[in-house]
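Note on naming: letters A, B, ... go to the chains in the order of the sequence lines (proteins, then strands), and numbering restarts at 1 for each one. Keep in mind the model is a prediction, meaning the values are calculated, not measured.
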Amino acid sequence: MEDLERLCHEILRYLKGEQVDFSWCPVNLSDLSDFERDVLEHTRRIPYGHTMTYGELAAQMGRKRASRAVGSALSKNPYPIIIPCHRVVSSKGMGGFCGSKDPENLSLKRKLLELEGVKI
DNA sequence: ATATTAACAATCG
DNA sequence: CGATTGTTAATAT
């Protein structure tokens with residue numbers, strides 16, 4: 001419960017454009033499959049302001065061709081922003097965010113990346 | 001309980 | 001564009 005307060009303040013700092021790191025934040029990934037957990041673990045390690053491709057992340061996990069599976073795993077991310085799934089993009093375009101590639105979600109993803117100073 | 005299929009936030013040629 | 005990929009959830013056997 002102490003963590004929750006800290007988290008709220010960190011989110012505000014993040015929204016102000018400060019370079020915040022959320023890796024300290026405890027999460028519960030027990031509902032997910034092993035693969036999905038693995039994907040999210042790797043996603044957590046992507047540093048602020050950096051970006052990675054679905055394929056690159058797959059490769060980094062030793063599953064070179066599982067880019068698509070990485071996408072579906074990310075779509076189940078229970079902690080958007082805390083686990084920075086917005087830093088994983090498509091090799092061509094934008095990919096998706098928060099479970100879909102709905103334009104609303106994509107524009108939010110774009111805003112977050114822009115916040116972090118990523119060139120689009 | 002296992003086998004098959006469809007659906008995906010993708011990628012490559 | 002089409003073929004193909006890994007994983008999961010739904011459906012069928």
Hydrophobic cluster membership, A/M94 vs A/F97, 4.5 Å side-chain cutoff = no
ask   = Roughly how many Å is it from NZ in A/K64 to C1' in C/dT4, rounded to a whole number?
value = 15 Å
ask   = Do A/E116 and A/H86 have side-chain atoms, one donor and one acceptor, less than 3.5 Å apart?
value = yes
key: Shared hydrophobic cluster for A/V88 and A/F35 (ILVMFWY, side-chain gaps under 4.5 Å)   = yes
inquiry  = From CE of A/M61 over to C1' of C/dT5, roughly how many Å is that when rounded to an integer?
reply    = 13 Å
key: Protein-nucleotide distance (A/D31, atom CG; C/dA9, atom P), rounded to Å   = 11 Å
query = Can you give one letter per nucleotide of nucleotides 6-13 of chain B, 5' to 3': B if a protein heavy atom sits under 4.0 Å from the base, S if only from the sugar-phosphate, - if neither?
reply = --BBBSB-
ask   = In a check of side chain to side chain contact (heavy atoms under 4.5 Å, CB included) between A/M61 and each of A/H42, A/E41, A/E56, which one passes?
value = A/H42
message = Tell me whether A/Y14 contacts the main-chain N or O of A/D21 through its side chain, where contact means a donor paired with an acceptor under 3.5 Å.
response = no
query = Quick one: do A/I81 and A/I11 end up in the same hydrophobic cluster if we chain Ile, Leu, Val, Met, Phe, Trp and Tyr together by side-chain heavy atoms under 4.5 Å apart?
reply = yes
remark   = note: A/L57, atom CG; C/dG6, atom P; distance rounded to Å ~ 16 Å
ask   = Under a single-linkage definition using a 4.5 Å side-chain heavy-atom cutoff for Ile, Leu, Val, Met, Phe, Trp and Tyr, are A/L29 and A/F22 assigned to the same hydrophobic cluster?
value = yes
request  = Please check if A/M52 and A/L106 belong to a single hydrophobic cluster, counting links between Ile, Leu, Val, Met, Phe, Trp and Tyr side chain heavy atoms closer than 4.5 Å.
outcome  = no
key: Stems formed with participation of DNA chain B [Watson-Crick or G-U wobble, under 3.5 Å, three or more pairs]   = B:1-8 with C:6-13, B:10-13 with C:1-4
